[in-house]
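Notes follow the structure.
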Amino acid sequence: MAPQIDAVILAGGMARRMGGNDKGLVDLNGQAMICHTIDKLTTQVNQILINANRNQAQYEQWGYTVFSDQDSGYLGPLAGMVTALKKTQADYLLVVPCDCPMLPTDLAARLLTALEQQQADLAVASDGEYEQPVVLLLKPHLVTSMQAFLDAGERKIDLWYNQHKVAVESFADQPNAFVNINTPEQKHQLAKQIAK
Ligand SMILES: Nc1nc2c(ncn2[C@@H]2O[C@H](COP(=O)(O)OP(=O)(O)OP(=O)(O)O)[C@@H](O)[C@H]2O)c(=O)[nH]1
Ligand SMILES: [Mg+2]
């Protein structure tokens, strides 16, 4: 039987570079940014979870489970991931950010293959040059080590995953896949590009 994969979309940040406007909810070509991410994921995973620390009622409009970080201190992406790992019943958790609207449609499948082939604990995506630290596939048992890392006051995600066996999967064949929208300018640029 194929393994069950849930996805969590991280939308729990403060979006300071977006002027504090909740990044998942800002409009990108007529749709909330998170909708573009949801569209990329629906055929790839069993269940989608949305991790948001504000505007939960708005995030609920898409019909998926919405939850906030267990620790409400804006501790960074690991805080959302650890909470999602405690919620999922699946064999694997796919983690993606809400601000990467062009994600690959073969993301989960390729991360899973890399993880299994390399007998790793987690698989992280790369654009061929840089690892994408919040695009990864996790085994649920990692919750213990992630919680311990946060409890020790650590926050940096790459420091955490380097404690584990990591498979890196390159998506250099899809050059735009990890376009990341942090500012209004980046959003306008991508809007023009995808409207063509
Ligand atoms: N759950 C959760 N997610 C977070 C937190 N901080 C950042 N993220 C998410 O991690 C991903 C990458 O973070 P950034 O691109 O820096 O987003 P951000 O922190 O909201 O934006 P800036 O304030 O401009 O840095 C995004 O999907 C954020 O929503 C947090 O404290 N909790
Ligand atoms: Mg940030």
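Values reported hereafter were calculated over all heavy atoms of this structure, with side chains retained and with hydrogens, waters and symmetry mates removed.
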Margin query: If only side-chain N and O atoms count, and only distance matters, is there a donor-acceptor pair under 3.5 Å linking D99 with N180?
Written below: yes
Donor-acceptor side-chain pairing of D106 and Q174 below 3.5 angstrom
yes
Identify whether the distance between the nearest side-chain nitrogen and carboxylate oxygen of D173 and R110 falls below 4.0 Å. yes
Taking every non-hydrogen atom, the tightest pair across [X] and [Y]:
{"X": "A167", "Y": "A120", "result": "N-CB, 3.7 Å"}
{"X": "P3", "Y": "L112", "result": "CG-CD2, 3.6 Å"}
{"X": "L103", "Y": "T37", "result": "CD1-CG2, 3.9 Å"}
{"X": "D91", "Y": "Q4", "result": "OD2-N, 2.7 Å"}
{"X": "G128", "Y": "A172", "result": "CA-CB, 3.9 Å"}
{"X": "H164", "Y": "S145", "result": "NE2-OG, 2.7 Å"}

Does [X] share a hydrophobic cluster with [Y], counting links as ILVMFWY side-chain heavy atoms below 4.5 Å and allowing steps through other members?
{"X": "V166", "Y": "Y92", "answer": "no"}
{"X": "V96", "Y": "W62", "answer": "yes"}
{"X": "V95", "Y": "F178", "answer": "no"}
{"X": "V82", "Y": "L93", "answer": "yes"}
{"X": "I48", "Y": "L85", "answer": "no"}

Euclidean distance, [Y] [atom2] relative to [X] [atom1], rounded to 0.5 Å:
{"X": "C100", "Y": "H36", "atom1": "SG", "atom2": "NE2", "value": "13.0 Å"}
{"X": "Q61", "Y": "I50", "atom1": "CD", "atom2": "CD1", "value": "9.0 Å"}
{"X": "E185", "Y": "L190", "atom1": "CD", "atom2": "CG", "value": "13.5 Å"}

Practice task
Carefully, step by step, assess Q193 and N176 under the rule side-chain contact (heavy atoms from CB on, under 4.5 Å).
Solution key: CA-CA 11 Å; Q193 203 181 311; N176 269 330; 3.2 Å; yes
Partner of Y64 under side-chain contact (heavy atoms from CB on, under 4.5 Å), picked from L49, L41, I38, I34, is I38
Donor-acceptor pair, side chain of [X] and main chain of [Y], under 3.5 angstrom:
{"X": "Q118", "Y": "E116", "result": "no"}
{"X": "Q31", "Y": "L28", "result": "no"}
{"X": "N46", "Y": "I5", "result": "yes"}
{"X": "N51", "Y": "I9", "result": "no"}
{"X": "K187", "Y": "D27", "result": "yes"}
{"X": "K40", "Y": "P101", "result": "yes"}
{"X": "Q47", "Y": "T88", "result": "no"}
{"X": "N53", "Y": "D69", "result": "yes"}

If we only count heavy atoms from C-beta on, is the [X] to [Y] side-chain gap below 4.5 Å?
{"X": "F171", "Y": "L107", "answer": "yes"}
{"X": "L150", "Y": "R155", "answer": "yes"}
{"X": "M33", "Y": "C98", "answer": "no"}
{"X": "W160", "Y": "E154", "answer": "no"}
{"X": "E169", "Y": "S126", "answer": "no"}
{"X": "P97", "Y": "V135", "answer": "yes"}
{"X": "L136", "Y": "M81", "answer": "yes"}
{"X": "E131", "Y": "D158", "answer": "no"}

Taking everything shown except [X] itself, do over 12 heavy atoms lie less than 6.0 Å from its [atom1]?
{"X": "Q163", "atom1": "CD", "value": "yes"}
{"X": "K139", "atom1": "NZ", "value": "yes"}
{"X": "K156", "atom1": "NZ", "value": "no"}

Problem set entry | From CA spacing to verdict: side-chain contact (heavy atoms from CB on, under 4.5 Å), M18, I181 | CA-CA 9 Å; M18 195 58 84; I181 307 300; 3.7 Å; yes
(request) List the steps and the verdict of side-chain contact (heavy atoms from CB on, under 4.5 Å) for Y161 and L138. (result) CA-CA 10 Å; Y161 69 61; L138 299 171; over 6 Å; no
Practice task
Determine, step by step, whether Q186 and R17 satisfy the side-chain contact (heavy atoms from CB on, under 4.5 Å) criterion, reporting the C-alpha distance in whole Å, the side-chain angles of both residues, the deciding distance to 0.1 Å, and the verdict.
Solution key: CA-CA 10 Å; Q186 289 169 334; R17 286 166 288 175; over 6 Å; no
